[in-house]
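What follows is a set of notes on a single structure, which appears directly below.
Just the heavy atoms: all of them, side chains too, but no hydrogens, waters or symmetry mates, feed the values below. Just so it is clear, the structure is predicted and the values come from calculations on it, not from any experiment.
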Amino acid sequence: MKTVYLSMSTDIIHGGHINIIQKAAELGELTVGVLTDEVVASYKRFPLLSFEERVKTIENIKGVSKVIPQTTLSYKKNLEELKPDYLVHGDNWKEGFQRAVREEAIEVLASYGGILKEFPYSSDAHYQRLEDASRDRLSIPDVRRSRLKKLLGMKTTVNVIETHSGLTGIIAEKTQVLEDGKAYQFDAMWVSSLCDSTSRGKPDIELVDMTSRLRTIEEIMEVTTKPIIFDGDTGGRIEHFVYNIKTLERIGVSACVIEDKVGLKKNSLFGNEVVQTQDTIEHFQEKIRAGKKALKTSDFMLIARIESLILEKGMEDALNRAFAYIEAGADGIMIHSRKKSPDEIFEFCEKFREKDNKTPIVVVPTSFNEVTEEEFAKRNINIVIYANQLTRSAFPAMKNIAEMILKNHRAKEADDVCMSFKEIITLIPEE
């Protein structure tokens, strides 16, 4: 009997899936490769059903002989191991994002004489409505809030990009690249107080009130599904913080980061160039305990940001604070540095992991930006936040356009380097 391979990611089985499974089974003994949760989340939407649940569903479909995991978007590994006579796929991958995956699969098939069988992709409007409904479900507060912890459970390192508006949220939601047979996109979004303030033309001194910052979150949530990590600055007064953190949890934010400083906030990038006062360990522990007590679910994460290295208080102080904050209930530790070398961050992580190999470590590689996510993963760093790049890239681009118009007394030269509004509008979801 001929052997057949078909790959699937779906967690909602509809008539289109059954149809292609039946056609594949008619060709021979059918093995279905189920994309793992990490792969699906890296190129599509986050799966509503776990890998194990999706495997069990497909195992019980008539015509399926065997189900195996597919651990990359690329088919190469499974094709080389199985060497099926036929690879079956819908014809929707001839263009667009998966075109390179298709071309690689054809090369592998040709190397041993395998054949690609493509069938018309099921484009029924009802199927698209099912997919849209699945995406809508991911934006529900309870579902969105829980996703960060799930991502930490399935990925070595979670990557996060700064957003400060609905439009930057769409960029974070939809941007993806294909490289070496793997798909990459951002896992979550960081709502930064610095970027939120900057987008309003305000200084980064906690001047933008919580009501305004919550409005930013709402704008982002309206057009996205990915989890949000909120930059809570110092958290403010404990009495205020407990109310704010309950609000963040209720609307579906996944985590809040608060830094161990007091007084008028000054940006950490200035270090000791300006007067900054670090909180006492005992008072910050009290704030953490109060915040954790106010929470209603186990999904929400309260992350403690340590400023010891920024303020040149030394490694021992940073480590003492880390363990004290965890003892108080912190769900993660953000360690910050403004040095261009990552050495002190790596030293902290190594010493921290000697005593604690579970608590997530968060880094913001703004200054030590040559380090890759793979290198962070080797150091057991769990969350990497690109904290201000979208804001910093937007300003010079807009300034350049303004100068072009002034210089040329017309818009043509500027329009030549601008994205068309038609393209932008197609990115914006419609009800």
Side-chain angles (χ1 to χ4, degrees), residues 5-25 30-75 77-78 88-90 92-93 97-98 101 121-156 158-159 173-174 176 182-189 221 224-228 252 254 297-301 429:
Y5 184 69
L6 170 69
S7 175
M8 302 189 77
S9 64
T10 187
D11 49 10
I12 298 178
I13 300 293
H14 54 62
H17 300 122
I18 298 299
N19 183 48
I20 198 168
I21 287 173
Q22 288 177 342
K23 288 180 177 179
L30 175 60
T31 297
V32 176
V34 177
L35 296 179
T36 62
D37 291 338
E38 182 177 352
V39 177
V40 176
S42 70
Y43 92 100
K44 208 174 179 182
R45 60 170 172 79
F46 191 91
L48 293 172
L49 296 180
S50 69
F51 171 75
E52 290 75 19
E53 291 172 308
R54 290 184 289 120
V55 166
K56 188 170 291 186
T57 298
I58 293 172
E59 281 177 337
N60 286 280
I61 296 176
K62 184 179 179 181
V64 176
S65 299
K66 184 179 180 182
V67 177
I68 64 172
Q70 183 167 318
T71 59
T72 65
L73 191 58
S74 166
Y75 286 65
K77 180 175 180 290
N78 282 10
V88 172
H89 202 285
N92 58 315
W93 67 340
F97 184 70
Q98 292 197 65
V101 177
Y121 182 72
S122 302
S123 56
D124 190 302
H126 174 63
Y127 301 157
Q128 185 57 50
R129 286 195 293 272
L130 287 174
E131 178 62 25
D132 292 342
S134 299
R135 288 188 177 277
D136 289 343
R137 177 169 172 74
L138 290 174
S139 66
I140 295 172
D142 286 349
V143 178
R144 188 195 295 253
R145 184 195 313 115
S146 65
R147 294 243 309 281
L148 182 61
K149 278 195 171 181
K150 290 179 180 178
L151 282 164
L152 287 168
M154 74 170 66
K155 297 191 69 176
T156 306
V158 170
N159 65 348
E173 181 87 1
K174 296 192 173 184
Q176 57 181 200
K182 293 184 179 181
Y184 299 92
Q185 62 176 305
F186 293 105
D187 299 308
M189 299 173 288
M221 284 184 163
T224 65
T225 64
K226 293 185 177 181
I228 290 175
S254 296
T297 72
S298 60
D299 295 330
F300 190 92
M301 298 178 68

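- Residues satisfying the side-chain hydrogen bond (donor to acceptor under 3.5 Å, both in side chains) criterion with Asp37, sequence neighbours excluded, are Arg54.
- The side-chain hydrogen bond (donor to acceptor under 3.5 Å, both in side chains) search around Gln176 returns none, not counting sequence neighbours.
- Gln22 pairs by the side chain to side chain contact (heavy atoms under 4.5 Å, CB included) definition with Ile18, not counting sequence neighbours.
- Considering every non-hydrogen atom in both Leu35 and Ser9, the closest pair reads CD1-CB, 3.5 Å.
- The minimum heavy-atom distance linking Gln70 with Ser7 is given by the pair OE1-OG, 3.2 Å.
- With sequence neighbours excluded, the residues satisfying side-chain hydrogen bond (donor to acceptor under 3.5 Å, both in side chains) with Asn78 are Tyr5.
- Qualifying side-chain hydrogen bond (donor to acceptor under 3.5 Å, both in side chains) partners for Thr31, counting only residues two or more places apart in sequence or in other chains: none.
- With sequence neighbours excluded, the residues that form a side chain to side chain contact (heavy atoms under 4.5 Å, CB included) with Thr156 are Ala377.
- With sequence neighbours excluded, the residues that form a salt bridge (charged side-chain N to carboxylate O under 4.0 Å, His left out) with Lys155 are Asp187.
- For residues 58-75, no pair satisfies salt bridge (Lys or Arg N to Asp or Glu O under 4.0 Å), with sequence neighbours left out.
- Not a single salt bridge (charged side-chain N to carboxylate O under 4.0 Å, His left out) links Lys23 to another residue, sequence neighbours left out.
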Mind listing the side-chain donor-acceptor pairs of residues 138-150 below 3.5 Å, one per line with the distance, residues two or more places apart or on another chain?
{"residue": "Ser139", "atom": "OG", "partner": "Asp136", "partner atom": "O", "Å": "2.6"}
{"residue": "Asp142", "atom": "OD1", "partner": "Arg145", "partner atom": "NH1", "Å": "3.2"}
{"residue": "Asp142", "atom": "OD1", "partner": "Arg145", "partner atom": "NH2", "Å": "2.9"}
{"residue": "Arg144", "atom": "NH1", "partner": "Thr224", "partner atom": "OG1", "Å": "3.1"}
{"residue": "Arg144", "atom": "NH1", "partner": "Lys226", "partner atom": "O", "Å": "2.7"}
{"residue": "Arg144", "atom": "NH2", "partner": "Met221", "partner atom": "O", "Å": "3.1"}
{"residue": "Arg144", "atom": "NH2", "partner": "Thr224", "partner atom": "O", "Å": "2.7"}
{"residue": "Arg145", "atom": "NE", "partner": "Glu249", "partner atom": "O", "Å": "2.8"}
{"residue": "Arg145", "atom": "NH2", "partner": "Glu249", "partner atom": "O", "Å": "3.0"}
{"residue": "Ser146", "atom": "OG", "partner": "Val143", "partner atom": "O", "Å": "3.0"}
{"residue": "Arg147", "atom": "NH1", "partner": "Thr225", "partner atom": "O", "Å": "2.7"}
{"residue": "Arg147", "atom": "NH2", "partner": "Thr225", "partner atom": "O", "Å": "3.4"}
{"residue": "Lys149", "atom": "NZ", "partner": "Ser298", "partner atom": "O", "Å": "2.5"}

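- Shown here for Pro227 and Ser254, the closest heavy-atom pair between the two residues is CB-OG, 3.3 Å.
- Ile21 meets the side chain to side chain contact (heavy atoms under 4.5 Å, CB included) test with Leu6, Met8, Leu30, Ile61, Val64; sequence neighbours excluded.
- To the nearest 0.5 Å, atom NZ of residue Lys174 and atom CZ of residue Phe186 are 16.0 Å apart.
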